[in-house]
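Structure first, commentary second.
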There are 2 protein chains.
Amino acid sequence: MGKTQNIKLAVDAVVFGYQNNQLYVLLIKQRFGIAKGLWSLPGGFVLNNESLTQAVERELHEEAGIKVNYLEQLYTFGDDVKRDTRNHTVSVAYFALVNPTKWTLKADTDAEDAQWFPITKIPKLAYDHNKIVKVGIERLKGKLTYQPIGFDLLDKEFPFSDLEHLYTTILGKEIDRRNFRKKMLSFDILQETNKMKKVGSGRPAKLFTFNKQKYNALVKDGFHFEIKYV
Amino acid sequence: MGKTQNIKLAVDAVVFGYQNNQLYVLLIKQRFGIAKGLWSLPGGFVLNNESLTQAVERELHEEAGIKVNYLEQLYTFGDDVKRDTRNHTVSVAYFALVNPTKWTLKADTDAEDAQWFPITKIPKLAYDHNKIVKVGIERLKGKLTYQPIGFDLLDKEFPFSDLEHLYTTILGKEIDRRNFRKKMLSFDILQETNKMKKVGSGRPAKLFTFNKQKYNALVKDGFHFEIKYV
DNA sequence: ACAAAAGTGTTCGCTTTACACCCATGT
DNA sequence: ACATGGGTGTAAAGCGAACACTTTTGT
C-alpha cells in the first residue's frame, strides 16, 4: 500500500442544552495544542483500543465533567483533508442532548474553560467546527419532528408549556397550542403527574413525564411519532 | 497522550443494484490479506491525503470497475474495536446506488472476483460487513419513502411499472397501483416521454424520466417528497 | 379587578385509503 | 379469443389546520 497510513482519528461532540427558552451548545476553550485559546467543540483523538462512543464520553467527562442524556453519531468529517492544518485528520462527530440544569460545567484536564453558548451567539470556532455545529442543528430540527427527543433536553417532570416553547424555539416557528397538545397527548407517551408547578402569576401547570418504556413498546408495534404542526 | 495513535481508517461501500425485480448488493472476493477468499463489501484503507469520498470512489473503481449514481455516507463503524482481528480499524461505510445494466463488473487489482448478490442470498461476509449491509438496507428502505432516490436504480427512461415494482420489492409490501401512480404524478417530477416500451405480451407502457432539475427547484421552495402508501 | 399563563372543542377542507373495470398488444 | 400487463375515477373516512374563550393563580 505504499507509505504507511498516517491519518489521525478524532471525535467531536455537538452537545445541546436548553434553558429559559434558549438553545445552547457546549463549547470549550483549549488549553494546549494548535487551537489553544480558541473555542471549539469538546472532543479529541481516539485512543488505541478505545471505541468511538467511549472516546466521546471520555472527552465530555474530561473536558466538561458531564454525562449526556442522548448520544448518537452525527457525521464523519473527512472530505476536507486540510481541516486540521497540521495533519490529515478525520473526525467522527456526535450529536448529544443534555439537561444543563443537572450539571455544573467544570473545565478539566485539557480544557481551560467550558461554557454554554446560545446558538445565536456562537463565535468563530477552531477547525471546521462551525460547520459541524450547523449539521448538528439541522439534525436536531429534523429529529424533533419524528422522534420524541425533546424530553432529553427538559427536566424529568415538566409543564406542557416547556415542551411547547422548546419546539417553537428550536424550530423557529409558532405553533397552535391546542393542536400541539392534542397531538402530543394522543400519542399516549406522556404521563400526567399529580404535581403542579407554580411560577409567578398565572394558573399553575400540571407536570408531565415522558414514559420511555411505553414509547419503546409502541415503536415495537409499528408506532411512528410525528409532529408536523410546527 | 501516551503511545501514539495506531488506528487504521477504512472505507466500505454498500452498493445497491436493481434488476428484474430483485435488489442486489455488490460484493467482492479479496485476493490478498486476512479476508482472502471471503466475500466482503468493496472498500479498503484510506490513503494519506485522500478524502473519504475519493477513497470510496477509488476502491469502487479498482475493485469493480464501476461509478455509482448516488453516494452518501452511511455510518462509521468503530464501536467494535475487534471488528478487524488484526488491528484497531474504524470503517466509514458509504451507501451507493447504481444501475447495474450500465456496467459490466470487472474485478481488478485487489479483487479476485466481483459479483451482484441478491439481498436474500448474502453469504457470510468478512469483518462486520453483514451488519453494515443490514444498516444499508434499512437506510434504503427509509430513504425510498422520503427521497426520490429509486430513480438512481432504474434506467434513465423507465415504465411506471418498474418504479412500482421497485417499491414493492424493496419495501416488501403490496401497494395500490392507482394511488401510487396518482401520488407520484402529483409531485410533477416525472416527465412523460413519447416513447413506448413493448415487452412480450400486454399493453405497451409509456416511458418516463425523472426530472431532477425540477425536483431540486421544488425542494428549494420547500417541497417535500413523500410516499406513504406502501 | 386585572394581568398572566393554563386549559379546552368544533368545524372545514384536504389527503389518504379502499375499491374494479377497460385498453392495447402478443400469441 | 384469451392471456398479459397498462391505464384510469370516485366515494368515505380520517387527519391537519384554523379558530377564541374560560379557568386559576398572583398582585
Side-chain angles (χ1 to χ4, degrees), chain A residues 19-22 144-146 154-155 157-169 171 173-209 218 222-230, chain B residues 19-22 144-146 154-155 157-169 171 173-209 218 222-230:
Chain A
Q19 207 169 7
N20 300 126
N21 301 341
Q22 274 220 306
L144 221 42
T145 67
Y146 65 88
L154 297 177
D155 292 335
E157 302 187 319
F158 56 89
F160 217 94
S161 55
D162 275 15
L163 195 56
E164 220 180 281
H165 290 134
L166 187 144
Y167 272 83
T168 52
T169 306
L171 299 178
K173 293 180 196 164
E174 287 312 303
I175 62 179
D176 181 299
R177 285 170 53 230
R178 275 179 289 192
N179 290 342
F180 180 76
R181 184 175 182 126
K182 216 184 308 168
K183 186 70 175 180
M184 265 296 178
L185 290 177
S186 77
F187 293 143
D188 212 24
I189 54 177
L190 292 189
Q191 206 154 319
E192 201 175 316
T193 68
N194 41 24
K195 295 185 196 155
M196 290 286 187
K197 185 173 198 176
K198 313 177 198 185
V199 204
S201 69
R203 177 173 174 173
K206 291 180 209 165
L207 294 181
F208 290 82
T209 58
L218 287 170
F223 165 73
H224 184 68
F225 177 90
E226 184 156 33
I227 291 286
K228 285 201 182 164
Y229 310 145
V230 194
Chain B
Q19 206 169 8
N20 298 127
N21 299 341
Q22 273 219 309
L144 222 41
T145 69
Y146 65 86
L154 297 177
D155 292 335
E157 303 188 318
F158 55 89
F160 217 94
S161 55
D162 275 14
L163 195 56
E164 221 179 281
H165 290 134
L166 187 145
Y167 272 83
T168 53
T169 306
L171 298 177
K173 292 180 197 165
E174 286 312 303
I175 63 178
D176 181 300
R177 285 169 52 229
R178 274 179 290 192
N179 290 341
F180 180 77
R181 185 177 181 124
K182 218 184 306 166
K183 186 71 175 181
M184 264 300 177
L185 290 176
S186 78
F187 293 144
D188 212 24
I189 54 177
L190 292 189
Q191 205 154 317
E192 201 176 316
T193 68
N194 41 23
K195 295 185 196 156
M196 290 285 186
K197 184 175 197 174
K198 316 179 196 185
V199 205
S201 68
R203 177 174 175 173
K206 291 179 209 166
L207 293 180
F208 290 84
T209 57
L218 286 170
F223 166 72
H224 185 67
F225 177 91
E226 184 156 32
I227 291 286
K228 286 200 181 165
Y229 312 148
V230 195

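All of these numbers come straight from a predicted model, not from anything done at the bench. A note on names: the letters A, B, ... follow the listed sequences, proteins ahead of strands, and every chain is numbered from 1.
As rounded to whole Å, 10 Å separates atom C1' of C/dA6 from atom CE of A/M196. In this entry the distance linking CZ of A/R181 with C1' of C/dT10 reads 18 Å, nearest Å. Atom C1' of nucleotide C/dA5 and atom CZ of A/F160 are separated by 15 Å, given to the nearest angstrom. If you measure from atom CZ of B/F180 to atom P of C/dA18, you get 16 Å, rounded to the nearest angstrom. Taking atom CG of residue B/L163 and atom C1' of nucleotide D/dG6, one finds them 15 Å apart after rounding to whole Å. Atom CD of B/E192 and atom C1' of D/dT8 are 13 Å apart (whole Å). At whole-Å resolution of the value, CG in A/D162 and P in C/dG7 are 11 Å apart. Rounded to a whole Å, the CD1 atom of B/I175 is 15 Å from the P atom of C/dT16.
The closest side-chain heavy-atom distance from B/L218 to B/I189 is below 4.5 Å. Contact of the B/N194 side chain with the B/L207 side chain is not registered, since no non-hydrogen atoms from C-beta on lie closer than 4.5 Å. Between B/N21 and B/T168 the shortest side-chain heavy-atom distance does not fall below 4.5 Å. The shortest distance between side-chain heavy atoms of B/I227 and B/F180 falls below 4.5 Å. Taking the side chain as every heavy atom from C-beta outward, B/L190 and B/F160 approach each other to under 4.5 Å. For the pair A/D162/A/Y167, no side-chain contact is recorded, criterion being any heavy-atom separation below 4.5 Å from C-beta on.
Side-chain nitrogen and oxygen atoms of B/K206 include none within less than 4.0 Å of the OP1 or OP2 phosphate oxygen of D/dG6. Phosphate proximity of D/dG5 to B/S161: absent, as no side-chain N or O sits under 4.0 Å from OP1 or OP2.
Note on residues 179-197 of chain A: pairs passing salt bridge (charged side-chain N to carboxylate O under 4.0 Å, His left out), not counting sequence neighbours, are A/E157-A/K195, A/D188-A/K214, A/E192-A/K206.
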*Can you give one letter per nucleotide of nucleotides 19-27 of chain C, 5' to 3': B if a protein heavy atom sits under 4.0 Å from the base, S if only from the sugar-phosphate, - if neither?*
BB--BBBS-
*Which dot-bracket string describes DNA chain D (Watson-Crick N1-N3 plus N6-O4 or O6-N4, or G-U N1-O2 and O6-N3, all under 3.5 Å; [ ] crossing; | other strand)?*
|||||.|||||||||.|||||||||||
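For the pair B/N20 (side chain) and B/Q22 (backbone), a donor-acceptor distance under 3.5 Å is absent.
A centroid separation of 6.0 Å or more is found between the aromatic rings of A/F225 and A/Y146.
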